[in-house]
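As structure tokens, the structure follows; a few thoughts come after it.
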Amino acid sequence: MTELSLESAQQVLDAQPFSRLVGARLTEFGKGAAVLDVDVREDLTQQNGFLHGGVLSYAADNALTFAAGTTLGAAVLTGGFSIQYVRPASGRTLSARAEVVHSGRRQAVVRCDLYTVDDEGAQTLCAVAQGTVLSARPA
């Protein structure tokens, strides 16, 4: 398997129009892990001023697949995931931190903790996700 660099992984992320729309960026990538950050903006919030759950779900989904891509190769697809919202998300930045729990030849199980970071750098856990990512390479 050819290992992707952080820069090439960011290019893959940038090829996703929705990722560009929310301003997502990979800040870590490799060795079974990935971190995806999104700056909190008013247009990403819901009616109570918290970051919309769909943005958290998006960040978890992409962080899960990028982390799995470090073990399965670049051609991966989400098989499914669940997310539990722990508390409302507010702050300056959303940080989705995913790590492969188990990887086989065709699939990986990945966990993702989502934190918000405030202006002082304090981190607050706001959601936890876990999913299965599948290799999209021909068998």
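Hydrogens, waters and symmetry mates play no part in the numbers below; they use all other heavy atoms, side chains included.
- Atoms OG and CZ, from S19 and R25 in turn, are 12.5 Å apart once rounded to the nearest 0.5 Å.
- By the 4.5 Å heavy-atom criterion applied to side chains, Q46 and H52 are counted as neighbours.
- Linking Ile, Leu, Val, Met, Phe, Trp and Tyr residues whenever their side-chain heavy atoms come within less than 4.5 Å leaves L94 and V128 in two separate clusters.
- The shortest heavy-atom contact between A96 and A59 is CB-O, 3.7 Å.
- Following chains of ILVMFWY side-chain contacts shorter than 4.5 Å, one cannot reach V117 starting from Y58, and the two form parts of different hydrophobic clusters.
- Side-chain contact between R87 and L125 is present, with at least one heavy-atom pair separated by less than 4.5 Å.
- Tested against N62 for a side chain to side chain contact (heavy atoms under 4.5 Å, CB included), the candidates L26, L36, V38 yield a single pass: L36.
- Judged by distance alone, the side chain of T70 and the main-chain N or O of G32 form a donor-acceptor pair under 3.5 Å.
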For V40 and S90: C-alpha separation, side-chain torsions, deciding distance, then whether side-chain contact (heavy atoms from CB on, under 4.5 Å) applies.
CA-CA 8 Å; V40 176; S90 62; over 6 Å; no
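- In terms of modelled atom types and a separation under 3.5 Å, the side chain of R41 and the main chain of V22 share a donor-acceptor contact.
- Here D118 pairs with E120, A122 under the side-chain contact (heavy atoms from CB on, under 4.5 Å) rule; sequence neighbours left out.
- Between H102 and Q107 there is no side-chain heavy-atom pair separated by less than 4.5 Å.
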Stepwise side-chain contact (heavy atoms from CB on, under 4.5 Å) test for D113 and E99:
CA-CA 9 Å; D113 295 330; E99 186 173 356; over 6 Å; no
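- Under the side-chain contact (heavy atoms from CB on, under 4.5 Å) criterion, V100 pairs with A67, T71, S103, A108, V110, not counting sequence neighbours.
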